[in-house]
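Structure first, commentary second.
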Amino acid sequence: MSATLLCALADIPDGGAKAFGDDTASSLFAVRRGDQVHVYQNRCPHAHTPLNWMPDRFLNRDRSQIICATHGALFDIDTGYCTAGPCQGQHLTAKTVTVQDGQVWLS
């Protein structure tokens with residue numbers, strides 16, 4: 001299986017998020033914490049809508065969790081697990097990525 005270059009690590013703000021695609025439920029987004037990047041499908045497991053309320057806006061106010069713009073569900077950044085809201089106990093769909101030489105690769 002080959003990897004696809006998603007972006008440069010520097011393209012994702014440290015402590016922030018970045019969307020890839022057209023902000024539909026089939027697009028992806030990444031959340032960065034230092035050299036660690038988590039990529040998920042941009043789709044709420046409950047409402048089946050994109051999570052962001054504006055371009056690249058996926059995190060709650062203190063940037064500690066991913067938030068769904070449709071109904072405020074909260075998701076753990078590291079696991080995609082829903083910690084609060086109507087989809088509690090469900091997960092975002094994670095994508096496998098690696099960071100190598102300052103580049104983020106999607107497997």
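Below, each value reflects all heavy atoms present in this structure, side chains not excepted, and no hydrogens, waters or symmetry copies. For reference, positions follow the sequence shown, starting with 1.
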Problem - In one Ile/Leu/Val/Met/Phe/Trp/Tyr side-chain cluster, 4.5 Å: Leu9, Trp105 - result: no

Would a distance-only check, ignoring hydrogens and angles, find a side-chain to backbone donor-acceptor pair under 3.5 Å from [X] to [Y]?
X     : Y     : answer
Arg32 : Gly15 : no
Asn52 : Phe58 : no
Asp56 : Ala19 : yes

Handout entry: Residues that Thr79 engages under side chain to side chain donor-acceptor pair (under 3.5 Å), provided they are two or more places apart
Key = Asp76

Shortest non-hydrogen contact between [X] and [Y], atoms and distance:
X     : Y     : value
Phe20 : Cys7  : CZ-SG, 3.6 Å
Ala30 : Ile12 : CB-CD1, 3.7 Å
Asp11 : Lys18 : O-CD, 3.2 Å

Practice task
Please name all residues satisfying side-chain contact (heavy atoms from CB on, under 4.5 Å) with Thr70, sequence neighbours left out, ordered by chain then number.
Solution key: Ala47, Thr49, Cys68

Practice task
For Leu74, check side-chain contact (heavy atoms from CB on, under 4.5 Å) against everything at least two apart and list the hits.
Solution key: Asn60, Gln65, Ile67, Thr83, Ala84

Exercise for the section: Answer yes or no: does atom CZ of Arg33 have more than 12 heavy-atom neighbours from other residues, nucleotides or ligands under 6.0 Å? Expected result: yes

Problem - Within 6.0 angstrom of Asp35 CG, more than 12 heavy atoms from elsewhere - result: no

Fill in the blank from the handout: Output for pair (Lys95 NZ, Leu6 CG), nearest 0.5 Å, gives 11.5 Å

Problem - Interatomic distance, Arg43 atom CZ to Leu28 atom CG [nearest 0.5 angstrom] - result: 13.0 Å

Should [X] and [Y] count as side-chain neighbours, where that means a heavy-atom distance under 4.5 Å?
X     : Y     : result
Cys87 : His71 : yes
His46 : Gln88 : no
Ile77 : Ile66 : yes
Tyr40 : Leu51 : no
Leu92 : Pro45 : yes

